[in-house]
Protein chains: 2
Amino acid sequence: MRKENSSNAINGKQLRGDCGTAYTLSLIGGRWKPSILWRLLDGKLRYNELKKSITGISERVLVLQLRELENDHLVKRIVYPEVPPRVEYELTPLGWSMESMLQHISDWGTMHREDAIARQASKEKTVAAMADKG
Amino acid sequence: MRKENSSNAINGKQLRGDCGTAYTLSLIGGRWKPSILWRLLDGKLRYNELKKSITGISERVLVLQLRELENDHLVKRIVYPEVPPRVEYELTPLGWSMESMLQHISDWGTMHREDAIARQASKEKTVAAMADKG
DNA sequence: CAGCATCCTTCCTGATACTG
DNA sequence: CAGTATCAGGAAGGATGCTG
């Protein structure tokens, strides 16, 4: 993914050595990877189904992320030698081993996102009130 | 952080709405944030202690990430009005609420990083063997 | 259908020098 | 001590057009 001799990559290695967290995040930290994995938890999907279900992703990025997930052995790519072509993506056992972890992450996010939104709203309210006065 | 009108930011919002996972990752997905949080799980630390304990991080980045963590209410910044100045960072209750999740993520990473390294090694061995033959 | 190639923009990161 | 300011480089992400 990264040039191995860039200081970027070197620091990344130190981090991975540092603790497992960084390693895990290097796998699922991509912008769209959680969405992809999340959808595949419901079962295998075709390329086009993935594309349509993830609003806003570009083809280029989708393919890139899928290839990375494939390289990391989280996702399996199955090509059917047909015309028209058909390609399906499904989680590998390693991918499935993430299920409870993804659930944990999602739960935390869902729970605390509410708080964050409430905080944001009250903040904007305060700003609005100040603007009213000023 | 991002310009709100960029398509980048819009897609980010959709993602956050998509599932809690993306929200959580937007908080801890930064390159150095896991390291920072991880260290603060051992107790509060001064700026310089953090800097020294995280090898390779630049001051600028450390400050930026700390500010983001502060804005997200994961970390509290305590300034002591002394000379020389002293600033300590500690986890907020919200930060502490991440503990088991971070542990989960770290455990997964530690466990499966071994596999990945082994895979990588056997791959390189194969390549080397092929090079020997060829 | 499933994707690759190309070009472009934005963002992130790091190094260096300076300050209250 | 605990930062800030500025600049540069590289990586990630996006838009579009084309192909087996």
Side-chain angles (χ1 to χ4, degrees), chain A residues 1-15 22 25-36 44-70 75-90, chain B residues 1-15 22 25-26 28-36 44-70 75 77-90:
Chain A
M1 226 170 121
R2 279 173 174 141
K3 280 185 197 162
E4 283 309 311
N5 55 354
S6 71
S7 66
N8 227 326
I10 291 166
N11 287 332
K13 275 185 186 173
Q14 287 178 351
L15 258 183
L25 288 178
S26 75
L27 297 188
I28 64 169
R31 174 92 167 281
W32 302 95
K33 285 185 188 169
S35 293
I36 296 172
K44 70 173 82 158
L45 285 173
R46 299 182 60 165
Y47 172 82
N48 232 3
E49 291 173 323
L50 269 174
K51 197 176 78 173
K52 274 184 286 189
S53 76
I54 304 178
T55 316
I57 194 170
S58 70
E59 290 185 351
R60 181 179 161 280
V61 173
L62 177 56
V63 172
L64 280 176
Q65 306 274 288
L66 282 169
R67 291 294 176 276
E68 283 182 25
L69 290 170
E70 208 187 333
V75 161
K76 197 162 92 184
R77 181 167 175 264
I78 310 164
V79 184
Y80 298 85
E82 303 173 355
V83 178
R86 182 155 66 107
V87 177
E88 287 180 343
Y89 293 91
E90 71 176 344
Chain B
M1 224 169 123
R2 278 173 174 141
K3 281 184 196 163
E4 283 310 311
N5 55 353
S6 71
S7 67
N8 227 326
I10 292 166
N11 286 333
K13 277 186 183 171
Q14 287 178 352
L15 258 184
L25 289 178
S26 75
I28 63 169
R31 174 89 165 284
W32 302 96
K33 285 183 187 172
S35 293
I36 296 172
K44 69 174 82 157
L45 285 174
R46 297 182 61 166
Y47 172 81
N48 235 0
E49 292 173 323
L50 269 174
K51 196 176 77 175
K52 274 184 288 191
S53 76
I54 304 177
T55 316
I57 195 170
S58 73
E59 291 186 351
R60 181 176 163 282
V61 173
L62 176 55
V63 173
L64 279 177
Q65 306 274 287
L66 282 170
R67 293 291 177 276
E68 283 182 26
L69 290 171
E70 208 189 332
V75 161
R77 183 169 175 263
I78 311 164
V79 184
Y80 297 85
E82 301 174 357
V83 178
R86 183 156 65 106
V87 177
E88 287 180 343
Y89 293 92
E90 70 175 348

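Within every chain, numbering begins at 1; the chains are lettered A, B, ... in the order of the sequence lines, protein sequences first and strands thereafter. Excluded from the calculations below are hydrogen atoms, water molecules and symmetry mates; all remaining heavy atoms, backbone and side chain alike, are included.
Between A/Leu69 and A/Leu27, the shortest heavy-atom distance links the atoms CD2-O, 4.2 Å. Counting all heavy atoms, side chain and backbone alike, B/Pro34 lies closest to B/Gly30 at CD-O, 3.2 Å. Taking every heavy atom of both residues into account, B/Arg31 and B/Gln65 meet most closely at N-OE1, 4.0 Å.
For B/Leu62 and C/dC12, the CG to C1' distance is 15 Å, given to the nearest whole Å. If you take CG of B/Leu50 and P of D/dA2, they are 10 Å apart, rounded to a whole angstrom. Summarising the geometry, the separation between NZ on B/Lys51 and C1' on D/dA2 is reported as 8 Å, rounded to the nearest angstrom. Distance, B/Leu45 CG to D/dA2 C1': 15 Å, rounded to whole Å. Taking atom NZ on A/Lys33 and atom P on D/dG13, their separation rounds to 8 Å, with Å as the unit. With rounding to whole Å, B/Ile57 atom CD1 is found 15 Å from D/dA2 atom P. Rounded to an integer number of Å, the gap from B/Glu49 CD to D/dC1 P is 11 Å. The distance between atom CD of B/Glu88 and atom C1' of D/dA2, rounded to the nearest whole Å, is 13 Å.
Going from atom CD1 of B/Ile78 over to atom NZ of B/Lys44 covers 5.0 Å, rounded to the nearest 0.5 Å. Remark: A/Tyr47 OH to A/Leu62 CG distance equals 5.0 Å, nearest 0.5 Å. The structure places CD1 of A/Ile28 at 13.0 Å from CD of A/Glu68, a figure rounded to the nearest 0.5 Å.
Side-chain contact between B/Tyr89 and B/Glu49: absent, with no pair of heavy atoms (C-beta onward) separated by less than 4.5 Å. You'll find the side chain of A/Arg77 stays beyond 4.5 Å of the side chain of A/Leu66, heavy atoms only. In this structure, A/Asn48 and A/Lys51 have side chains that are in contact, with non-hydrogen atoms separated by less than 4.5 Å.
The side chain of B/Arg31 places no N or O atom within less than 4.0 Å of a non-bridging phosphate oxygen (OP1 or OP2) of C/dC12. Side-chain nitrogen and oxygen atoms of B/Gln65 include none within less than 4.0 Å of the OP1 or OP2 phosphate oxygen of C/dC12.
For B/Ser58, taking side-chain heavy atoms from C-beta onward, the closest of the listed nucleotides D/dA2, D/dG20, C/dA15 is C/dA15. Of the listed nucleotides (C/dG14, D/dG13, D/dC1), C/dG14 has the atom at the smallest distance from the side chain of B/Val61.
Computed from C1' positions of five pairs at each end, the angle between the two local axes of the helix from C/dC1-D/dG20 to C/dG20-D/dC1 equals 50°, rounded to 10 degrees.
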For nucleotides 3-5 of chain D, which of its nitrogen or oxygen atoms have a protein nitrogen or oxygen under 3.5 Å away, and what is each distance?
| unit_1 | atom_1 | unit_2 | atom_2 | d |
| --- | --- | --- | --- | --- |
| D/dG3 | OP1 | B/Arg67 | NH2 | 3.3 |
| D/dG3 | OP1 | B/Arg77 | NE | 3.3 |
| D/dG3 | OP1 | B/Arg77 | NH2 | 2.5 |
| D/dG3 | OP2 | B/Tyr89 | OH | 2.7 |
| D/dG3 | N7 | B/Glu59 | OE1 | 2.9 |
| D/dG3 | O6 | B/Glu59 | OE1 | 3.2 |
| D/dT4 | O4 | B/Glu59 | OE1 | 3.4 |

